[in-house]
Enquirer: 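Attaching a single structure in structure tokens format; questions to follow.
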Number of protein chains: 2
Amino acid sequence: MADVAERAGVSTSTVSRTLRGLSTVSPEVRARVEEAARELNFAVSRQAASLVTGRTGTMAVLVPTLDSWFMGAALSSLAPLLRAAGMELNVYMIADLAERTSFFERLPARRNADALLVFCFDLTDEETTRLDNLGMPVIYVSQHVEGRPSVYVDDVVGARRATRHLINLGHRRIAFAHTANVRGFSFSSRERLLGYQQALTEAGIPLDDDLVVATPPRDKRGTTQAVGNLLSLREPPTAVFAEQDELAASVISTLRTVQIQVPERVSVLGFDDQLMAEWLDLSTVAQSPSDMGRAAAELALELISDSEADRGRHIVLPTHLIPRGTTAPPPAPLGEREANGPAQGRNA
Amino acid sequence: MADVAERAGVSTSTVSRTLRGLSTVSPEVRARVEEAARELNFAVSRQAASLVTGRTGTMAVLVPTLDSWFMGAALSSLAPLLRAAGMELNVYMIADLAERTSFFERLPARRNADALLVFCFDLTDEETTRLDNLGMPVIYVSQHVEGRPSVYVDDVVGARRATRHLINLGHRRIAFAHTANVRGFSFSSRERLLGYQQALTEAGIPLDDDLVVATPPRDKRGTTQAVGNLLSLREPPTAVFAEQDELAASVISTLRTVQIQVPERVSVLGFDDQLMAEWLDLSTVAQSPSDMGRAAAELALELISDSEADRGRHIVLPTHLIPRGTTAPPPAPLGEREANGPAQGRNA
DNA sequence: GTGAAAGCGCTAACAG
DNA sequence: CTGTTAGCGCTTTCAC
């Protein structure tokens, strides 16, 4: 910066003021400084600046993974907002319990960011408390934490609607497939199960633990086994509500492999409405991680600039049921089919 | 840090030495300092540290998007390496030309990172030169730049292999579908087209521009139109090589919508080997963005710590053809089928 | 093995 | 409107 000052024939203060866009610089001096800066390829060191301002110009995000549809969409929509606000994006990815422990022990974000966005974790009270003392606004995304700023969709309601859709179609044996919860790494899964259970109970359908199956994430074999468990039940389900589109896709693929038609024999319903849902003509519950990312970024920027702002605000975004081709009425029971001909004609 | 020093009854120098793990601290003092630091929840300010060391402890990555399979996988595999090296991950996402221009003009990463990983961009010479003067190692990922460290797969070879697979199956009318190149935002696309063309030429099959179609990324309508163009040709293709799995999925979905069986009537081949390729039983060319991310991170760390290291090194990772269920021999020509009965029986 | 002191590059009063 | 000055919190000589 001294170089720029010298070249422009002014003091470093003036260079600093110019580069920060303060209006208290005369136009001609501003022009000289800007040119000098350009010629010297000068860029302000955020490090040095933050040392004195106390602000880092960085937004930190804590994520369980980066290779998921959800995180990709959320971060992609969040990034332009940060850029517009002149902030950088610092990603802390925590993939396992060891990294998690060390993160919460050392809290490396401390003093190195102006706000933290925590995505998708199922945090313990202790962890939440630890974050309270981080010295910066912490926003919870895709999860709600009592008394802290949160942005999420109502997974319970979404899952309840989804299940009701299946019930309305006439299904009574409805399975719920979820990804095995790597401890504390999936907040929504639990909530969606709850919604599923609520819908069944409301409809007077008894809960059956055998209909709830888990599979490790992105594991073809796991899905095959889970589906196998369902198919070998005394009274197998006529519909499967998968907690995520990816899982739904895997379930469909498994069913079709064994010649079980979807939706004629078994209906499958997802959650997310990823791009692939359209390709697969998958019925699903839509949520928008992009909207969540944006809302979270806006909230964070607000909390950074206005320390008076409401620190307990919850932003709840909507979900929508998108009925497509993988859900249909259940086939007629075996007895009736034999008596009345093909199930197709039952409702004609 | 002064607080920690006081609490531990030592000077800040000693605290600094302790926290950085230097061995010139006596065990008992070290213990005292560490406890004081823990009690005070102290975390070193990277900002202040970097001001004097000149190193920021940050790796910057420049990416065109975050919501793609490729970037997700690459960043997910890269993150643990950085974490192990005690570095943070700073993401610059550039989504359009305006952001791109401003990034290269201002180069905000200057002095705010120790190395820069540039992903997937089709850079101009001017941009490359600009990065040369960034004052930190710049590693190009999923693209090669003459004389600069690069990590990539050989898209030309991969695409040639893919095309050859189709030729070997008996196809002669082979289409190439690629995503419309938003100017300068897709390096691989061009290379894959080249490989496709080479394979055809080697096999003595004339190139036909009508067989090369483009569609905006992730645009169902665009795909429908592109496929429509192919189907309405005087001599339509019997195989489509899609430059990405996602595009292949979209093509298959379009074809099936109009009752054109895959692979009986038209074969479809992808590139990437995403998870969805398995669900769709999609034949494809596998590449590993995870390996690329890891290799890039390792290379970057090496270049940071060893300024003598070879700055022109290229790391080329392999691709593999994964034949699955969406590629098959072409149907017998119409004339022959009429003469000889169903195509199925032709080779019996 | 430890402390004192200088200074990294910048911003924020405060004068002028 | 601009310059001078004093740190921000750390690391790094250099003494001891």
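Every chain is numbered from 1, with letters handed out A, B, ... down the list of sequences. Heavy atoms only: backbone and side chains are in, while hydrogens, waters and symmetry mates are out.
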Enquirer: Among pairs that include at least one residue of residues 39-48 of chain B, which meet side chain to side chain donor-acceptor pair (under 3.5 Å), considering only residues two or more places apart or in two chains?
Expert: A:S50-B:Q47, A:N112-B:Q47, A:R130-B:N41, B:R7-B:E39, B:R46-B:E88
Enquirer: Could you check whether B:T24 gets within reach of a base, just the sugar-phosphate, or nothing at all, counting any heavy atom under 4.0 Å?
Expert: base
Enquirer: What residues, two or more places apart in sequence or in another chain, satisfy ring pair (Phe, Tyr, Trp, His ring centres under 6.0 Å) together with A:Y92?
Expert: A:F103
Enquirer: Write down the protein N/O and nucleotide N/O pairs, taken from nucleotides 12-16 of chain C, whose separation is under 3.5 Å; answer none if there are no such pairs.
Expert:
residue : atom : partner : partner atom : Å
C:dA12  : OP2  : A:R20   : NH1          : 2.7
C:dA12  : N6   : A:S13   : OG           : 3.1

Enquirer: Under the salt bridge (Lys or Arg N to Asp or Glu O under 4.0 Å) test, which residues partner A:D96, sequence neighbours left out?
Expert: none
Enquirer: Can you tell me which residue among A:E191, A:E127, A:Q143, A:R190 is in a side-chain contact (heavy atoms from CB on, under 4.5 Å) with A:D122?
Expert: A:R190
Enquirer: Give me the bend of the helix from C:dG1-D:dC16 to C:dG16-D:dC1, using the axes of the five pairs at each end, rounded to 10°.
Expert: 30°
Enquirer: Measure from CZ on B:R55 to P on C:dG9 and round the result to the nearest Å.
Expert: 17 Å
Enquirer: Could you list the residues that satisfy side-chain contact (heavy atoms from CB on, under 4.5 Å) with B:E298, not counting sequence neighbours?
Expert: B:L81
Enquirer: Take atom CZ of B:R110 and atom C1' of C:dC10, then tell me their distance rounded to the nearest Å.
Expert: 17 Å
Enquirer: Checking B:A115 now: which residues fulfil side-chain contact (heavy atoms from CB on, under 4.5 Å) with it, not counting sequence neighbours?
Expert: B:M59, B:P137, B:A300, B:I304
Enquirer: Quick check against the 3.5 Å criterion: does B:T179 have a side-chain atom that pairs as donor or acceptor with the backbone of B:P217?
Expert: no
Enquirer: Between residues 31-43 of chain B and DNA chain D, which residues have a heavy-atom gap below 4.0 Å?
Expert: B:F42
Enquirer: Restricting to pairs with a member in residues 105-117 of chain B, which pass salt bridge (Lys or Arg N to Asp or Glu O under 4.0 Å), not counting sequence neighbours?
Expert: B:R55-B:D114
Enquirer: Check side-chain contact (heavy atoms from CB on, under 4.5 Å) between A:S305 and all other residues, then give those that pass, not counting sequence neighbours.
Expert: none
Enquirer: Quick check for you: name the first and last nucleotides of DNA chain D, 5' to 3', having an atom under 4.0 Å from a heavy atom of chain A.
Expert: D:dC1 to D:dC10
Enquirer: Once you round it to whole Å, what is the distance between C1' of C:dA6 and CG of B:L51?
Expert: 13 Å
Enquirer: Checking A:A31 now: which residues fulfil side-chain contact (heavy atoms from CB on, under 4.5 Å) with it, not counting sequence neighbours?
Expert: none
Enquirer: Between C:dC8 atom P and A:M1 atom CE, what is the distance in whole Å?
Expert: 15 Å
Enquirer: How is A:S45 classified with respect to the nucleic acid when contacts are heavy atoms under 4.0 Å: base, sugar-phosphate, or nothing?
Expert: sugar-phosphate
